[in-house]
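Per chain, numbering begins at 1; letters A, B, ... match sequence-line order.
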Amino acid sequence: MIYCEAMQSNQKQAAEPDVYPDMDEVPFDLPPAPTGAAAPAAPRVGSISARAMGLRSSQPYLDGLNPEQRAAVEALDGPVLVLAGAGTGKTRVLTTRLAHIVAQGRASGHQILAVTFTNKAAREMKHRIGALVGGSVEAMPWLGTFHSIGVKILRRHAELVGLKSGFTILDTDDQIRLMKQVIEAEGLDKDRWPARQLASLIDGWKNRGLTPAKVPAGEAFGFAAGKGVKLYTAYQTRLKELNACDFGDLLLENLRLFQENPDVLADYHRRFRYILVDEYQDTNVAQYLWLRLLAQGCPNVCCVGDDDQSIYGWRGAEVDNILRFDEDFKGATVIRLERNYRSTGHILATASGLIAHNKGRLGKTLFTDGQDGEKVLVSGVWDDEEEARSIADDIERAQKGGHRLNEIAILVRASFQMRAFEDRFITLGMPYRVIGGPRFYERQEIKDAIAYLEVTANPANDLKFERIINVPKRGIGDTSVKRVHELGRARGVPMYQAAQMMVETEELTGKARKALTDLLRSFGRWRGQIDTMKHTELAELILDESGYTASWQADKSPQAQSRLENLKELVRFMHEFDTLQGFLEHVSLVMDTAQGDDGERVSIMTLHAAKGLEYDTVFLPGWEEGLFPSQRTMDESGQEGLEEERRLAYVGVTRAKKLAKISFTQNRRIRGLFQSAMPSRFVDELPEAHVEVAEVKSPFGGAYKNFGGGNFGNPYGQSRFDTKPASAFASTYDTPGWQRAQRHQASGAPAARAPITIDATPAASSSEPSSYDVGDRVFHQKFGAGRVTGVDGNKLTIDFERAGRKRVVDSFVARR
DNA sequence: GTTCGCTCACTTTTT
DNA sequence: GTGAGCGAAC
């Protein structure tokens, strides 16, 4: 490839002194390399000769790496692909490599471009580098997400792509609102052509690096009878008018910037001597193109990833990027990290056996020196309720055996599966947390609050102004909003300004006019206090005076209380910033807050959210055909989709350190209706030698196998797991789990060895008399207000005003 | 302009 | 079964 030649010719340049030093960016806080990295004549630290001379002890950060990890850290010249299997110490390699580059004097922190996908990953990397080099990480200004680095570059050169440096970044809500306007302006029926659909279409194009002009003709007809591209163009025009960007633009405009301004690109070529990319399997086409442009000036590209963990194809990730790496980057060194430090032998073998069914992969074989551990358990249950009951029982027993709840996770394919577990845990009083779910900044109340702050600081932000002009309800309805909108567009001024003009006239009727006047006056007052008042106090003032806080206080829904809590949390979080502006800049890009860990809880999350995490014990429920693998994925993406689902299964299994339990139901309630389910094809793809089939332990257990005689009515008749003689009287005591538990007890094995000790003791409910009585008024976090109608030990029967009758452990409610 | 009630849809999700 | 979003009625 052409740019590879360019890379070669630039290679020499990278070793020369930096002709464009960034005087404002201090170098890493590392002790100088002992041999003097500036003197090329001396053996380089870490080089073969240096190591032979016994100089390796000067690099303590290399100690403890295995040979492959070390190779990945030390392969500094030319393109490198590190295929890092699950649990093989990927982050350690990445951070050590960064430290190594700096320690070697190959480049200083600000000459390294290091990109991650999420803010969490970026934060983690900064943190770990800091720990490694014992200094500040301020010196790595180009470590961040694709988007944050994209913004940084774009702000410097905004004018070159038709923006002003202070451009705003639209969130999804703003995006949809704007698209709605574009659709309506085009005279289209907004019901027939929903803005959401257009948004995902345009997002898809942007992910693939396609500007309106480049969208293939065939695809343009998919939306609104061929108007898709026209709407895309109109949307882009509106964005420019608003001096705004959506997330996709951050990269797309970078591409345009680099392609149309070779001098700008060349500047970055001179700047970056090393490029590092984390989670390369998740890159989309736009990100790939962006990297390729930057890599033209820098042969030292190191991409780290795992093709087997590519699970984001549906949002534009191209597994092909990683599969094709050595074609794209000729002469690339490929290093495989296959030594797994996380899971036991059986778990690893199960995961490997499963993923081996995929065709499109580079191929890796994970191994461990650790123990075989427990086999992966597989069980079938009657329905989702029983599945939840059985898993909850297992967890209760584990908890009694001293297993930490923080080391237990339930990983589901789809979020609707979570409900059964939540219900069960609430009933049992089992503490749990849901990971993922709506993020802090995606919550309605947080977005509203931020919209207020944004309009205060920047009245020209139309989309935010529109969001809160009638929130809380103040009598400014759609008609009035529309008029403001039209006037603004007609005069070419922001809505805020249009609103100011409008209240001077008679155009609006009494109520609306007064409300709008008051609102504008309030904003004016708040704006006047930006410089004089502490930004956190101002935020509180705004939320109070706008009536926003009061509107939630008046709301009787069970969530209102937690929304108020969230608002307080937002203000608390603002303390971390010096100014309102600084805070707003941060939130437009970083959509998460590090949330504190509060005690021992079972984690429930989707398989997608589980990537990168690990737990001693992992439950994998819902392995049913249609649910997992998802029917929809298979319909939409065929074989590719199936393989992605299988990778998802692989990710799930490899999260477990000591024990993994897979289950599937025979009947699943979907949309309120029970449907009989087939076990997932993945179940039968598991390598038999490493799994153990548990009999169903429940009132239905064992019995259903004899329904109708033979295999009739037994959906698992074809399964090779169905080898044990089915007994109509099979009891818990026959299960392998029980027998194993007996063995463990007999051998006196410590509880830690068997994360979950299965015994036959039913989960005892406390017989402590409850302090609640029938008739008490109580409040529950999830169900809201209710009245106690029955007391049984510590379990209460409560009629909730909204949620109906539930049985709940008393510690989960509060007296009113 | 607000509220109620009906209909629809319903995988995964970061920035 | 449930929540969101929209249209019609108040």
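Residue A/T606 places at least one side-chain N or O closer than 4.0 Å to OP1 or OP2 of B/dT13. A/S415 has a side-chain polar atom (N or O) that falls below the 4.0 Å cut-off from OP1 or OP2 of B/dT12.
Taking atom OH of A/Y650 as the reference point, atom P of B/dT12 lies 24 Å away to the nearest angstrom. With rounding to whole Å, A/K611 atom NZ is found 11 Å from B/dT14 atom C1'. If you take CG of A/L251 and C1' of B/dT15, they are 9 Å apart, rounded to a whole angstrom. Going from atom OH of A/Y312 over to atom P of B/dT15 covers 10 Å, rounded to whole Å. When the C1' atom of B/dC10 is taken as reference, atom CZ of A/R668 falls 14 Å away, rounded to whole Å. Between the CG atom of A/D246 and the P atom of B/dT13 there is a distance of 21 Å, rounded to whole Å. Counting to the nearest Å, the P atom of B/dT12 and the CZ atom of A/F117 are 20 Å from each other. For A/I176 and C/dA4, the CD1 to C1' distance is 14 Å, given to the nearest whole Å.
Taking the centre and axis of the six-membered ring of A/Y235, the NZ or CZ atom of A/R238 falls outside the cone set by 45° and 6.0 Å.
Panel note: side chain A/R474, backbone A/I469; a donor-acceptor pair is recorded below 3.5 Å.
For the atom pair CD1 of A/I670 and CD of A/E624, the computed distance is 7.5 Å after rounding to the nearest 0.5 Å.
Taking a cutoff of 4.0 Å between a charged side-chain nitrogen and a carboxylate oxygen, A/R668 and A/D383 do not qualify as a salt bridge. A salt bridge links A/R632 to A/E636: at least one charged side-chain nitrogen sits closer than 4.0 Å to a carboxylate oxygen. Between A/E486 and A/K482, no side-chain nitrogen of the basic residue sits less than 4.0 Å from a carboxylate oxygen of the acidic one, so the salt-bridge criterion is not met.
Out of C/dT2, B/dT13, B/dT15, the shortest distance to the side chain of A/R315 is found at B/dT13. Closest to the side chain of A/A609, out of B/dT13, C/dC6, C/dG5, is B/dT13.
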Can you pull every protein N or O that's under 3.5 Å from an N or O on nucleotides 7-10 of chain C?
unit_1 : atom_1 : unit_2 : atom_2 : d
C/dG7  : OP1    : A/D191 : OD2    : 2.9

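Contacts of A/E636 with the nucleic acid, taken as non-hydrogen atoms under 4.0 Å apart, include base atoms. If you check every strand for non-hydrogen atoms under 4.0 Å, A/Q175 touches nothing.
Side-chain atoms of A/Y280 and A/Q287, non-hydrogen and from C-beta on, never get closer than 4.5 Å to each other.
In terms of position along DNA chain B, the nucleotide closest to A/I311 lies nearer the 5' end than the nucleotide closest to the other residue of the pair A/I311 and A/F146.
Using a 3.5 Å distance cut-off with no hydrogens or angles, the side chains of A/N566 and A/E445 do pair a donor with an acceptor. Using a 3.5 Å distance cut-off with no hydrogens or angles, the side chains of A/E387 and A/S663 do pair a donor with an acceptor.
C/dG5 sits 16 Å from B/dT12 when the P atoms are compared, rounded to a whole Å.
Looking at residues two or more places apart in sequence or on another chain, you find a side chain to side chain contact (heavy atoms under 4.5 Å, CB included) between A/A610 and A/L411, A/M605, A/R655. Residues passing the side chain to side chain contact (heavy atoms under 4.5 Å, CB included) test with A/T168 are A/L170, A/A244, A/E454, A/N458, A/N461, sequence neighbours excluded. For A/E625, the side chain to side chain contact (heavy atoms under 4.5 Å, CB included) partners at least two apart in sequence or on another chain are A/P629, A/M634, A/M678, A/S680, A/R681.
Using a 4.0 Å cut-off on heavy atoms, the residues of residues 625-632 of chain A that approach DNA chain B are A/S630, A/R632, listed by number.
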For a quick check, with a 4.0 angstrom heavy-atom cut-off, what is the B/S/- contact string for nucleotides 1-6 of chain B, read 5' to 3'?
SSS---

